[in-house]
Amino acid sequence: MGAYGLWTLFALPGFRKVPTYLKVPYLPSSKTQTQNVMKLLHGRAGCLADLGSGDGRLVFAATVEGFQCTGFEINYILTGYARVKAKWKGIPSSTASFINQDFWKMEVLGRKLEKELPDEARVIACRFPFPDWTPTATVGDGLDQAWAYDMNAIRKLSTHTIMR
Ligand SMILES: C[S@@+](CC[C@H](N)C(=O)[O-])C[C@H]1O[C@@H](n2cnc3c(N)ncnc32)[C@H](O)[C@@H]1O
């Protein structure tokens with residue numbers, strides 16, 4: 001009962017706001033998955049956005065590698081929890097910040113990313129690969145699999161012209 005109570009506390013605000021067909025439960029990354037994502041980010045630097053940042057664990061792992069991170073999360077309890085965790089870890093908001101926002105309301109995601117990201121950007125997906133994009137690299141398998149998409153490669157393969 002206690003575990004169910006905790007799960008509903010963390011997961012329900014997400015369920016309320018997302019349309020039925022897009023309901024996604026809170027499934028935090030395993031250690032292996034976090035390591036897979038960090039492997040796909042190896043050798044890169046700069047800004048990182050985690051869409052659906054949960055309790056912030058991926059964001060915190062990326063700050064250790066020197067990234068400036070923003071986590072977007074629909075569940076305000078998880079957003080608040082991640083902010084408290086960042087404070088507790090002594091990470092300044094210029095290095096890691098968390099925004100309570102529904103990323104589906106940010107435009108059709110793949111199209112928005114194609115339109116707005118620079119050529120050198122790398123998009124990494126966990127558990128839900130982009131159906132229309134060919135990955136540049138992938139690490140791990142099963143639930144821990146992560147996919148990387150380099151924007152320059154995606155644009156070369158794109159059949160439609162994107163106005164930027
Ligand atoms: C699979 S969990 C991953 C959490 C975290 N990135 C990690 O690696 O542990 C997906 C997260 O995305 C959030 N989420 C689902 N739909 C969302 C949406 N439309 N906008 C923002 N966040 C969303 C969920 O609340 C959940 O915390």
Side-chain angles (χ1 to χ4, degrees), residues 11 13-29 33-76 78-80 82-83 86 91-140 143-164:
F15 279 139
R16 265 204 311 273
K17 289 192 180 175
V18 187
T20 319
Y21 58 95
L22 293 175
K23 284 174 186 170
V24 184
Y26 171 52
L27 291 170
S29 293
Q33 189 173 32
T34 305
Q35 284 165 356
N36 288 342
V37 173
M38 291 308 125
K39 279 182 199 161
L40 290 169
L41 289 171
H42 184 71
R44 305 181 70 89
C47 298
L48 178 140
D50 183 8
L51 302 181
S53 48
D55 67 356
R57 61 186 63 198
L58 262 181
V59 164
F60 297 131
T63 59
V64 173
E65 303 300 322
F67 287 92
Q68 281 132 39
C69 305
T70 308
F72 295 88
E73 172 56 52
I74 196 170
N75 182 326
Y76 60 88
L78 286 169
T79 311
R83 284 179 186 150
I91 301 172
S93 57
S94 53
T95 303
S97 58
F98 295 93
I99 297 173
N100 185 218
Q101 194 173 340
D102 179 350
F103 59 69
W104 294 118
K105 292 194 175 153
M106 287 158 66
E107 202 184 310
V108 177
L109 189 57
R111 199 132 356 120
K112 180 181 174 67
L113 296 175
E114 271 190 74
K115 222 185 338 177
E116 295 181 14
L117 285 178
D119 273 345
E120 63 274 17
R122 168 165 277 198
V123 175
I124 297 177
C126 298
R127 297 200 175 125
F128 304 99
F130 283 80
D132 301 332
W133 287 359
T134 306
T136 316
T138 179
V139 174
L143 278 181
D144 290 326
Q145 188 168 5
W147 296 262
Y149 305 89
D150 288 341
M151 285 320 295
N152 51 8
I154 295 296
R155 289 203 174 102
K156 268 185 211 146
L157 291 171
S158 184
T159 49
H160 51 273
T161 311
I162 300 286
M163 302 299 288
R164 283 197 289 159

Side chain to side chain contact (heavy atoms under 4.5 Å, CB included) involving Gln35 - partner list, sequence neighbours excluded: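 Side chain to side chain contact (heavy atoms under 4.5 Å, CB included) list for Gln35, sorted by chain: empty.
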So, do [X] and [Y] sit near enough that their side-chain heavy atoms are less than 4.5 Å apart?
| X | Y | answer |
| --- | --- | --- |
| Ile99 | Thr79 | no |
| Leu27 | Arg127 | yes |
| Trp147 | Ile124 | no |
| Thr138 | Gln145 | yes |
| Thr70 | Cys47 | no |
| Trp133 | Glu114 | yes |

Which heavy atom of [X] sits nearest a heavy atom of [Y], and at what distance?
| X | Y | answer |
| --- | --- | --- |
| Ala61 | Met38 | CB-CE, 3.9 Å |
| Leu117 | Arg155 | O-NH2, 2.6 Å |
| Ala82 | Gly54 | CB-O, 4.1 Å |
| Ala125 | Phe128 | CB-O, 3.6 Å |

Salt bridge (charged side-chain N to carboxylate O under 4.0 Å, His left out): pairs with one or both residues in residues 53-62, sequence neighbours excluded: Asp55-Arg57, Asp55-Lys85
With a 3.5 Å distance limit and no angle check, can you tell me whether [X] reaches the backbone of [Y] through a side-chain donor-acceptor pair?
| X | Y | value |
| --- | --- | --- |
| Gln101 | Phe72 | no |
| Tyr149 | Phe130 | yes |
| Asn36 | Asp144 | yes |

Results of side-chain hydrogen bond (donor to acceptor under 3.5 Å, both in side chains) for Thr134 - residues two or more places apart only: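 Applying side-chain hydrogen bond (donor to acceptor under 3.5 Å, both in side chains) to Thr134 gives none.
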Listed partners of Ser29 passing side-chain hydrogen bond (donor to acceptor under 3.5 Å, both in side chains), at least two apart: Gln33
Interatomic distance, Arg83 atom CZ to Asn100 atom CG [nearest 0.5 angstrom]: 6.5 Å
From Leu48 atom CG to Leu58 atom CG, the distance as rounded to the nearest 0.5 Å: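 So the CG of Leu48 and the CG of Leu58 are separated by 8.0 Å.
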With sequence neighbours excluded, residues passing salt bridge (charged side-chain N to carboxylate O under 4.0 Å, His left out) with Arg122: Asp150
Thr95 and Cys69: CA distance, side-chain angles, deciding distance, side-chain contact (heavy atoms from CB on, under 4.5 Å) verdict: CA-CA 6 Å; Thr95 303; Cys69 305; over 6 Å; no
Pairs flagged by ring pair (Phe, Tyr, Trp, His ring centres under 6.0 Å) wherever residues 42-65 is involved - sequence neighbours left out: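 Listed once each, the pairs are Phe60-Phe98.
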Distance-only side-chain donor-acceptor flag, Gln68 / Ser94, under 3.5 Å: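 Not at all, the side chains of Gln68 and Ser94 share no donor-acceptor pair under 3.5 Å.
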Stepwise side-chain contact (heavy atoms from CB on, under 4.5 Å) check, Leu109 with Leu51: CA-CA 10 Å; Leu109 189 57; Leu51 302 181; 3.7 Å; yes
